[in-house]
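Following: one structure in structure tokens, then a few remarks.
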Amino acid sequence: KLRVNHLDEAYLFTYRRGSKKEIKSFCERLLSPDYFYTESGPTIIAKNNQHGYTTLDYHGLVIWIKQAAFVILGLSKHLKMAITEEWPKDLQKLIRETLIVTCLNIIKTLDKLNAIPELHYDDNGTPRHFVDQPGAGGRISKVQLWSAVGARRIMRKYYELMTEERYQI
């Protein structure tokens, strides 16, 4: 069994209910540079992985817009639950902050890349197309369909977080 911090955890929180402890841990890891956080969006694999994943690995230290959208979906669901069920305010604020940071980083990245690619990577705070790094081959499409759908969800959620009264925690 291969144990690794992986952004697929977002699927769990999209399709099932996470505990307060699980959601808090996920948010903390999403905001931590030792785990998933980059200025270009959350990486698929945590940076502190023990398996040698890098930005050259398609399933490594790269950012997929689709995966970031599942982060937004899962945490959005839990923020609504946290508000309705009156979870502790500090946890509500942490979930909201994680959503805003993730949304903003992806939105800024799309603007800088002038594209909505399937995947990209963070080069010391600067987003780069996956195929632009030495050693990566292939070509990319400027707009990947599932990434465009995910980008729309991310932008819409950011707008909701900033404008809807229920999210002003």
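These numbers come from a predicted model, not from an experiment. Position 1 is the first residue of the sequence, and the numbers go up from there.
Put simply, SG on C103 and CZ on R153 are 8.5 Å apart, with the number rounded to the nearest 0.5 Å. Interatomic distance, CG of N105 versus CD1 of I154, reported as 10.5 Å (0.5 Å rounding). Here the straight-line distance linking atom CG of L94 with atom CG of L30 works out to 9.5 Å at 0.5 Å rounding. Taken from NZ in K66 to CZ in F70, the straight-line distance is 6.5 Å, to the nearest 0.5 Å. Atoms CD1 and NZ, on I107 and K157 in that order, are 12.5 Å from each other to the nearest 0.5 Å.
Between S141 and E118, the side chains place no donor N or O within less than 3.5 Å of an acceptor N or O (distance only, hydrogens not considered).
Note on E160 versus R96: no salt bridge recorded, every NZ/NE/NH1/NH2 to OD/OE distance being 4.0 Å or above. No salt bridge links K21 with E28; every basic N to acidic carboxylate O contact stays at or beyond 4.0 Å. Contact check on E39 versus K108 returns no salt bridge, with no Lys/Arg side-chain nitrogen under 4.0 Å from an Asp/Glu carboxylate oxygen. Using a cutoff of 4.0 Å between basic side-chain nitrogens and carboxylate oxygens, K93 and E97 are not scored as salt-bridged. Checked for salt-bridge contact, R16 and E22 meet the test: a charged N lies under 4.0 Å from a carboxylate O.
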Side chain to side chain contact (heavy atoms under 4.5 Å, CB included) between D8 and H6, intermediate numbers included:
CA-CA 5 Å; D8 278 354; H6 197 286; 3.3 Å; yes
Go through L75 and I23 one step at a time and tell me if the side chain to side chain contact (heavy atoms under 4.5 Å, CB included) criterion holds.
CA-CA 8 Å; L75 289 181; I23 296 299; 4.2 Å; yes
Given side chain to side chain contact (heavy atoms under 4.5 Å, CB included), test I72 with T102 step by step and report yes or no.
CA-CA 8 Å; I72 299 307; T102 303; 3.8 Å; yes
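In R152, the CZ atom is not crowded: 12 or fewer heavy atoms of neighbouring residues, nucleotides or ligands sit closer than 6.0 Å. Within a 6.0 Å sphere centred on CD of E86, other residues, nucleotides and ligands contribute 12 heavy atoms or fewer.
Side-chain atoms of D57 and V62, non-hydrogen and from C-beta on, never get closer than 4.5 Å to each other.
Using bins of under 30°, 30° to 60° and over 60° for the plane-to-plane angle, the ring pair Y11/Y15 lands in the parallel bin.
A distance-only check finds a donor-acceptor pair linking the side chain of K142 to the backbone of N114 [under 3.5 Å].
Note on residues 76-131: pairs passing ring-ring contact (aromatic ring centres under 6.0 Å, His included), not counting sequence neighbours, are F13-H78.
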